[in-house]
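Notes to accompany the following structure.
Nothing here was measured: the structure is a model prediction, and the numbers come from that model. Chain A is the first sequence line, chain B the second, and so forth, proteins listed ahead of strands; every chain is numbered from 1.
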Number of protein chains: 2
Amino acid sequence: MVRRALEAAGCRFTVQRAAVFHYLEQVQTHPTAEDVYRAVRRKLPRISLATVYKALEALVDAHLATKLTNGDGSARYDCRGDDHYHLRDVESGEIRDLPVEFDPDLLKKLDPKLIERLSGSGFEVTGYRLEVLGRFSNS
Amino acid sequence: MVRRALEAAGCRFTVQRAAVFHYLEQVQTHPTAEDVYRAVRRKLPRISLATVYKALEALVDAHLATKLTNGDGSARYDCRGDDHYHLRDVESGEIRDLPVEFDPDLLKKLDPKLIERLSGSGFEVTGYRLEVLGRFSNS
DNA sequence: ATTCTTGCAAAAGATTTGCAAACAA
DNA sequence: TTGTTTGCAAATCTTTTGCAAGAAT
């Protein structure tokens with residue numbers, strides 16, 4: 001599955017990429033590249049941080065992960081394939097999934113003609129992103 | 001107005017901060033710090049990039065601007081004081097305002113009990129952010 | 001007069017790159 | 001074999017910091 005997706009994106013399957021993917025798959029929060037590096041190092045002690053960055057990029061290319069932008073110039077990664085919303089701690093930057101069903105028609109609810117209006121004014125809509133902001137009291 | 005807001009935040013009013021604010025105020029897109037630096041330099045040729053960063057930070061502290069996270073690890077700035085949504089070009093990173101009224105109750109529409117549920121599970125909601133993703137065909 | 005801000009250069013943090021050796025197909 | 005990927009170190013990019021001189025109150 002990981003192998004196939006990587007190949008479909010023209011990338012080779014390697015133990016490093018598999019280890020990064022499997023770590024992302026089982027972790028609760030959305031880790032930074034540095035977090036992934038520290039964790040994967042326990043399995044592959046000789047992996048380098050640069051390889052982790054390249055593995056994350058390959059996984060994103062293969063649509064096996066998504067890169068989430070972080071306020072402070074670092075990024076976090078998510079390996080869920082379906083559309084969903086996020087919860088973001090405005091202080092720590094921690095991100096978790098929001099346990100609410102994704103609504104593909106939310107933009108239409110904001111304004112039924114929004115997509116057509118934007119398209120008419122030169123913006124082709126491909127999707128949307130919603131984050132609930134706040135603070136995790138524990139953590 | 002800029003002066004008062006800066007003072008309320010415990011910051012002094014300076015020509016550099018005023019120039020940064022006035023540039024942000026009249027520009028259509030949401031510029032990066034580098035963009036602001038290049039623009040403001042035309043009025044204040046001796047301003048430094050570090051001062052632009054510090055001015056942007058002061059404006060954010062004074063609630064005269066907002067910092068928007070960017071995919072590539074840089075930030076963009078917005079000086080609109082009211083809540084509103086953004087349009088983001090997924091390729092260039094360009095951001096513009098979305099001409100749709102902000103809905104303070106959108107989260108409730110997603111799930112009427114969402115805020116209480118999150119609060120019960122240890123997440124204090126302070127707001128939300130919505131971005132429409134796509135591409136500007138011109139630009 | 002006192003405290004904050006500026007401009008400069010250096011530092012820091014995150015990410016990317018160049019390259020030779022190792023690996024996957 | 002052939003083209004990719006790895007690991008390392010160095011480079012790059014954005015942002016932050018230290019500090020002496022200058023500006024604001």
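Phosphate proximity of C:dG7 to B:T51: present, with a side-chain N or O under 4.0 Å from OP1 or OP2. The side chain of B:Q16 places an N or O atom within less than 4.0 Å of a non-bridging phosphate oxygen (OP1 or OP2) of C:dG7. For C:dT6, one of the phosphate oxygens OP1 or OP2 lies less than 4.0 angstrom from a side-chain nitrogen or oxygen of B:R17. Considering only side-chain N and O atoms, B:R46 lies under 4.0 angstrom from the phosphate OP1 or OP2 of C:dC8.
Annotation: ring pair (Phe, Tyr, Trp, His ring centres under 6.0 Å) contacts of B:Y53 (sequence neighbours excluded): none.
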Its contact letters, B for base, S for sugar-phosphate only and - for none at protein heavy atoms under 4.0 Å, make nucleotides 15-24 of chain D read BBBB----BB
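Side chains of B:D35 and B:H30: a donor-acceptor N/O pair is absent below 3.5 angstrom, by distance only.
In this structure the side chain of B:V132 reaches within 4.5 angstrom of the side chain of A:F123, judged on heavy atoms. Within the 4.5 Å cutoff, side-chain heavy atoms of A:F136 are placed close to those of A:L87. Here the side chains of B:D97 and B:R80 are in contact, with some heavy-atom distance below 4.5 Å.
There is no path of hydrophobic side-chain contacts, each under 4.5 Å, that joins A:L133 to A:L98.
The CD1 atom of B:I47 sits 16 Å away from the P atom of C:dA9 (whole-angstrom rounding). Distance A:D61 CG to D:dT5 P: 10 Å, rounded to the nearest Å.
Taking the six-membered ring where the residue is Trp, B:Y85 and B:Y128 present tilted rings, their angle falling between 30° and 60°.
Fit an axis to the five pairs at each end of the helix from C:dA1-D:dT25 to C:dA25-D:dT1 and the two axes sit 40° apart, to the nearest 10 degrees.
Salt-bridge check for A:E124 with B:R135: failed, with every basic side-chain N at 4.0 Å or more from each acidic carboxylate O.
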